[in-house]
Amino acid sequence: MILSVASGKGGTGKTTVAVNLALSVGFCQFMDYDVEAPNAAFFLKPDIKHIQKVEMKHPYFLKEVCNACGKCAEFCNFNAVAVAGDEVIFFPELCHGCGGCLLVCPEGAVREKDVEIGKIKKGFSKPGINFYMGDLKPGYMRTISVQAALDKFIEKDILIIIDCPPGTSCPMVFSVKDSDYCILVTEPTPYGLNDLLISIEVLKDMGIPYGVIINRDGIGNDEVENYCRKNNIKILLKIPNDMEVAKYYSRGESMLDYDISWKGKFENILKEIKKDVRK
Amino acid sequence: MKVGISSTGTSLESNVDMRFGRCPYFIIYDTESNDFEHIENQSRQAMGGAGIQAAQMIIDKKVGVVITGNVGPNAHRVLGSANIKIYSGITGTVKDAIEKLKKDEFKETAGPDVPSHFGTG
Ligand code: SF4
Ligand code: SF4
């Protein structure tokens, strides 16, 4: 079963939920798909054993051969090339590696080489968690390429927990696409509700079952809860707004370290979810 | 000489737009004939690299001088490679800006004014 944990915006406790669920279950595969800002390792403390480069093709331009005709710049949909004066200027962080500039260059002045856009790190966390994370190289807007590299490591017949990037744009959609169920983490505030509604729309469109965890319960108002009750959306858990939990969090410790009764609560969530998964 | 001005509208009474890459229009003004045309800035909708695309368009129009609000580093680099003079931080109407340029009242901008993705919003 693939279980993803998402939230409409950052800082709602999405990683906290994903990590504590993994620790409560004990045996699973944990995958940090938030490749622009992966931070689950801070809590799961895996011993990273394997590091693998994620590469893509980038063009390079032979100055002596290029006659500055401008065809490559005209072709490039991503504005990664400009031709100014008598030189080609290449902006690697915008390049999608489509190879088009190579095809259109009438002079044969474009070649390709492999460049690193990020890394996949694999390791093991106690008690029995196979840990994977993607790490996008800063400045490269190739989030999905790194996530696609992570996809290849998803195993069958084991519980997979995916920590999604915040928001509802392409990287989030890509992260949840194969999920059997998605947990939406939100805060009980008007903003939280607003973001939750957008996330729900996305999941409905994709046909992925979902449930809600309310984090920092006690701040804000009842709007999120009322909305869920009215629309028959399962509230899987409410995590109270507790300064002590925040203290543990800032030290990279889990909710289970703070209070072991959370283990049972997270295990129950999993039971609830199993009733609703697609298939 | 041709001057490219980032503009909020299509006339000389329009204001100089603050954003080079994402302004709605460019006014291309010819200081010899005093003719001008406006072009819609296609790069405005670009996902990324709007400044680069706008700079390329300015180069293709054989412009020698750019007048604008802010220029990011990528656009600055492209314009610079084509030896286009950049006057940034300019406010007021397009017309005033051209008058000031003709009277040589501007100072050239040495570097980019804003980081990448400024004005993406
Ligand atoms: S490979 Fe594609 S995206 Fe990259 S510079 Fe060439 S045309 Fe642009
Ligand atoms: S298409 Fe080839 S020859 Fe033309 S500018 Fe680009 S690299 Fe140079």
Side-chain angles (χ1 to χ4, degrees), chain A residues 9 36-37 56 58-63 66-98 100-101 104-105 109-110 117 136-146 165 167-174, chain B residues 1-2 4 6 19-23 26 28 39-66 68 71-86 88 108-112 114-121:
Chain A
K9 69 173 181 74
E36 289 171 37
M56 67 183 278
H58 268 186
Y60 64 98
F61 301 84
L62 304 174
K63 249 196 154 151
C66 167
N67 64 7
C69 72
K71 291 226 165 62
C72 52
E74 202 182 304
F75 178 85
C76 182
N77 260 323
F78 304 102
N79 302 320
V81 226
V83 177
D86 60 356
E87 62 167 329
V88 173
I89 309 174
F90 176 58
F91 295 93
E93 62 292 352
L94 293 170
C95 176
H96 284 231
C98 69
C101 49
V104 299
C105 175
V110 188
I117 53 161
L136 180 72
K137 212 166 160 180
Y140 283 82
M141 294 193 241
R142 310 300 309 140
T143 306
I144 296 199
S145 304
V146 176
T168 41
S169 59
C170 303
M172 176 272 185
V173 171
F174 192 89
Chain B
M1 180 192 57
K2 279 189 184 174
S6 63
R19 305 149 302 170
F20 175 75
R22 296 198 185 264
C23 62
F26 282 103
I28 310 288
I39 14 180
E40 216 173 301
N41 179 16
Q42 305 290 346
S43 3
R44 206 178 174 202
Q45 314 296 342
M47 286 282 286
I52 298 167
Q53 196 183 344
Q56 186 74 64
M57 196 271 301
I58 288 287
I59 291 172
D60 296 345
K61 284 278 169 189
K62 308 262 180 292
V63 162
V65 170
V66 160
T68 186
V71 189
N74 291 348
H76 196 275
R77 193 171 142 207
V78 175
L79 293 171
S81 298
N83 289 320
I84 294 173
K85 272 205 177 112
I86 306 166
S88 64
E108 199 174 342
T109 312
V114 286
S116 274
H117 311 302
F118 185 85
T120 320

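Model, not experiment: these values are computed from the prediction. Chain naming here is simple, since letters A, B, ... match the order of the sequence lines and numbering starts at 1 in each.
Of all non-hydrogen atoms in B/Ile59 and A/Ala84, the two that sit nearest each other are CD1-CB, 3.5 Å. Nearest heavy-atom pair across A/Ala73 and B/Gln56 is CB-OE1, 3.6 Å. Nearest heavy-atom pair across A/Ile89 and B/Ser81 is CD1-OG, 3.2 Å. Nearest heavy-atom pair, A/Asn79 versus B/Gln53, reported as atom, atom and distance to 0.1 Å: ND2-OE1, 3.0 Å. B/Arg77 and A/Phe91 make their closest contact through NH1-CE2, 3.8 Å (heavy atoms, listed as atom of the first residue, atom of the second, distance). Residue B/Gly49 comes nearest to A/Leu94 through the heavy atom pair CA-CD1, 3.6 Å, listed as atom of the first residue, atom of the second, then distance.
Of the atoms belonging to A/Phe78, it is backbone heavy atoms, and not side-chain ones, that fall under 4.5 Å from chain B. For B/Ala55, no part lies near chain A; criterion is any non-hydrogen pair under 4.5 Å. Both the backbone and the side chain of B/Asn74 come within less than 4.5 Å of a heavy atom of chain A. Only the side chain of A/Glu93 has a heavy atom closer than 4.5 Å to any heavy atom of chain B.
Summarising the local packing, CG of A/Asn67 is surrounded by more than 12 heavy atoms from other residues, nucleotides or ligands at distances under 6.0 Å. For NZ of A/Lys9, the number of neighbouring non-hydrogen atoms (other residues, nucleotides, ligands) closer than 6.0 Å is greater than 12.
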